[in-house]
Amino acid sequence: IYYQFDQEEFYEKQYKQGNFITEQHGFGPVVYNEEALLKTLQQTYEEGFVLNTKYEKRLLEFYGRWDTHNCDRVYEEIVKR
């Protein structure tokens, strides 16, 4: 859950909006106030903390792989070098 209670101020004073737009590319719902945050947390709890397929698809597209073999790949690359 992205809790962006200060999104407008953040992008105005901290960072410029980049290519990663949480509403379009994020890996979970975006909420802007405490009420929505609590509602989304409750809903997520009631659904058993299961990742929504929309966000799972984004994760797979962004990272390319979603498994438990990252350490193996890093080790193999180190050995190659």
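Keep in mind the model is a prediction, meaning the values are calculated, not measured.
- The side chain to side chain donor-acceptor pair (under 3.5 Å) analysis of residues 27-38, with sequence neighbours excluded, yields the pairs Glu23-Tyr32.
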Review item, side-chain donor-acceptor pairs of residues 74-81, under 3.5 Å, at least two apart:
from  : atom 1 : to    : atom 2 : distance (Å)
Glu77 : OE2    : Lys80 : NZ     : 3.2

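- Contacts of Thr44 classified as side-chain hydrogen bond (donor to acceptor under 3.5 Å, both in side chains), with partners at least two apart in sequence or in another chain: none.
- Applying the salt bridge (charged side-chain N to carboxylate O under 4.0 Å, His left out) test to residues at least two apart or on different chains, the pairs with a partner in residues 52-63 are Lys57-Glu61.
- Note that CG of Leu37 is 6.0 Å distant from CD1 of Ile1, once rounded to the nearest 0.5 Å.
- Residues passing the side chain to side chain contact (heavy atoms under 4.5 Å, CB included) test with Leu59 are Phe27, Leu51, Tyr63, Trp66, sequence neighbours excluded.
- Taken together through direct or relayed side-chain contacts under 4.5 Å among Ile, Leu, Val, Met, Phe, Trp and Tyr, Val30 and Phe5 form parts of separate hydrophobic clusters.
- With contacts defined as side-chain heavy-atom distances shorter than 4.5 Å, the pair His25/Asn19 does not qualify.
- With sequence neighbours left out, Lys39 forms a salt bridge (charged side-chain N to carboxylate O under 4.0 Å, His left out) with no residue at all.
- Applying the side-chain hydrogen bond (donor to acceptor under 3.5 Å, both in side chains) rule to Gln24 yields no partners; only residues at least two apart in sequence or on another chain are considered.
- Listed by chain and number, the hydrophobic cluster partners of Tyr45 are Phe49, where partners are ILVMFWY side chains within reach of under 4.5 Å, directly or through others.
- Through direct or relayed side-chain contacts under 4.5 Å between Ile, Leu, Val, Met, Phe, Trp and Tyr, Ile21 connects to no other residue.
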Show me, pair by pair, the donor-acceptor contacts under 3.5 angstrom made by side chains of residues 8-17, not counting sequence neighbours?
from  : atom 1 : to    : atom 2 : distance (Å)
Gln17 : NE2    : Phe20 : O      : 3.4

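- Side-chain contact between Gln4 and Val31 is absent, with no heavy atoms from C-beta onward closer than 4.5 Å.
- Under the ring-ring contact (aromatic ring centres under 6.0 Å, His included) criterion, Tyr2 pairs with no residue at all, not counting sequence neighbours.
- Under the rule for a side-chain hydrogen bond (donor to acceptor under 3.5 Å, both in side chains), the partners of Asn70 that lie at least two apart in sequence or sit in another chain are Arg73.
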